[in-house]
Amino acid sequence: MKVARVRRSFFEGEPLEVGRSLIGMELGSDLSKSGCGGLIVETEVYMGPEDRASHAWKARRTARTEVLFGPRGYSYVFQIYGMHYCFNVVSSPEGVGEAVLIRALEPTEGIELMEKRRHTYVRRSLCSGPGKLVRAMGITRALNGTSLIDTYSASTRLYLLPATDTAFDIITTTRIGITQGADLPYRFYVKGSLYISRK
DNA sequence: GCTGGGATCGCCT
DNA sequence: GGCGATCCCAGCG
């Protein structure tokens, strides 16, 4: 049983530091009594109203982004390109809208289940992208607004565990797939990892 | 009310 | 490397 989840205070740091600190942590899901998860090897930070790439740009709120403007430590899951989903963790206090996008995992648990969900046995491709890891982990829009901190209960089925192995270097670079704010160094990944979405 | 673009992925050449 | 799939929402009228 996973119990040592991260605490709310983890998300109270400076946004870019939170994004960087998530590297090496374990993200897991325990859905339908079948756990799976992996080590976070790639993240991107989306700032609040001032970040043109952020859904919180101009502090515009919609039904879709409501969770993004909620309290820290909750999952923000949204659909992209009509067919994929992205998973974020809200890292700002209520009303601000900063979040960290989880972009890639090194698979560690429930590999067979993730292979089944992804229809591939290629380990390095299982979770090497935001849409891929969401599919592999069984994360759906139903998990939008799920707490990732402190308590573990029947309704909180996603968890984050502190990094156990921190013997890696982190590369800081620009975010992927955006046009606005494309020059900002808000992306982090594990140097040399086989499991990142792109160099 | 219509149109175009988006924090993607997998298949094609 | 290029492209289509396919939904949400912003911008325009």
Side-chain angles (χ1 to χ4, degrees), chain A residues 11 15-16 18-23 25 27 38 40-70 72-92 96-107 114-146 148 158 160 170-190 193-199:
Chain A
F11 294 101
L16 294 176
V18 172
R20 169 181 284 270
S21 300
L22 278 164
I23 299 288
M25 295 179 71
L27 173 67
I40 297 172
V41 295
E42 179 180 345
T43 62
E44 283 178 359
V45 174
Y46 287 83
M47 298 295 200
E50 292 117 30
D51 182 357
R52 292 188 67 99
S54 170
H55 289 175
W57 164 243
K58 288 185 177 175
R60 192 185 300 279
R61 298 170 74 140
T62 67
R64 177 180 71 151
T65 61
E66 204 47 40
V67 170
L68 179 59
F69 290 97
R72 297 178 162 97
Y74 283 77
S75 65
Y76 170 48
V77 180
F78 68 91
Q79 191 182 31
I80 188 69
Y81 295 110
M83 49 194 353
H84 302 292
Y85 289 89
C86 290
F87 171 81
N88 302 249
V89 185
V90 177
S91 59
S92 54
V96 178
E98 289 162 354
V100 180
L101 170 69
I102 309 301
R103 281 195 59 91
L105 304 176
E106 176 180 335
M114 292 198 283
E115 288 171 341
K116 186 177 171 186
R117 287 177 174 142
R118 288 273 295 113
H119 306 293
T120 180
Y121 295 99
V122 183
R123 184 73 56 91
R124 62 193 297 171
S125 304
L126 271 185
C127 299
S128 59
K132 293 178 186 178
L133 74 89
V134 159
R135 176 61 65 94
M137 298 275 290
I139 295 172
T140 66
R141 184 159 42 185
L143 291 175
N144 187 34
T146 299
L148 288 149
L158 295 172
L160 279 173
I170 297 177
I171 302 292
T172 303
T173 183
T174 53
R175 295 175 292 186
I176 288 175
I178 58 172
T179 49
Q180 306 290 342
D183 56 330
L184 299 169
Y186 292 171
R187 174 174 176 244
F188 305 99
Y189 67 85
V190 174
S193 171
L194 295 174
Y195 303 97
I196 59 178
S197 65
R198 286 201 229 172
K199 294 265 165 110

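Everything numeric in this text was worked out from a predicted model, so none of it was measured. Quick note: numbers below take in every heavy atom, side chains included, and nothing from hydrogens, waters or symmetry partners.
Rounding to whole angstrom units, CE of residue A:Met83 and C1' of C:dC3 are separated by 12 Å. One atom, CH2 of A:Trp57, and another, C1' of B:dA7, lie 16 Å apart when rounded to the nearest Å. We find that CZ of A:Arg118 is positioned 14 Å from P of B:dT8, with the value rounded to whole Å. In this structure, A:Arg117 places its CZ atom 16 Å from P of B:dG10, rounding to the nearest Å. Rounded to whole Å, atom C1' of B:dT8 lies 16 Å from atom CZ of A:Arg175. Nucleotide B:dG10 holds its P atom 13 Å from the CZ atom of A:Arg198, rounded to whole Å. Computed from coordinates, the A:Tyr85 OH to B:dA7 C1' distance equals 15 Å when rounded to whole Å. Computed from coordinates, the A:Gln180 CD to C:dG11 P distance equals 12 Å when rounded to whole Å.
Side-chain proximity of A:Thr62 to C:dC7, C:dC9, B:dG6: nearest is C:dC9.
Here A:Arg64 does not reach the OP1 or OP2 of C:dA10: none of its side-chain N or O atoms lies under 4.0 Å away. The phosphate of C:dA10 (OP1 or OP2) has no side-chain N or O of A:Arg52 nearer than 4.0 angstrom.
Using modelled atom types and a 3.5 Å distance limit, the side chains of A:Glu106 and A:Ser193 yield no donor-acceptor pair. Residues A:Arg20 and A:Thr172 have side chains that bring a donor and an acceptor to within less than 3.5 angstrom of each other.
Among the atoms of the strands shown, none is found under 4.0 Å from any heavy atom of A:Glu44. Residue contacts for A:Thr179: at a heavy-atom cut-off of 4.0 Å it reaches the sugar-phosphate backbone alone, with no base atom in range.
Projected onto DNA chain B by closest heavy-atom contact, A:Tyr46 and A:Ser125 fall at different nucleotides, the more 5' of which corresponds to A:Tyr46.
A:Arg118 places a side-chain N or O within 3.5 Å of a backbone atom of A:Ser125 that can act as its donor or acceptor partner. Under a 3.5 Å cut-off, the side chain of A:Arg52 and the backbone N or O of A:Gln180 do not form any donor-acceptor pair.
Closest of all the heavy-atom pairs between A:Pro49 and A:Ala59 is CB-N, 3.7 Å.
To the nearest 0.5 angstrom, A:Arg123 atom CZ is 6.0 Å from A:Glu115 atom CD.
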Q) Once Watson-Crick and G-U wobble pairs under 3.5 Å are found, how is DNA chain C written in dot-bracket notation, 5' to 3', with | for any base paired to another strand? A) |||||.||||||.

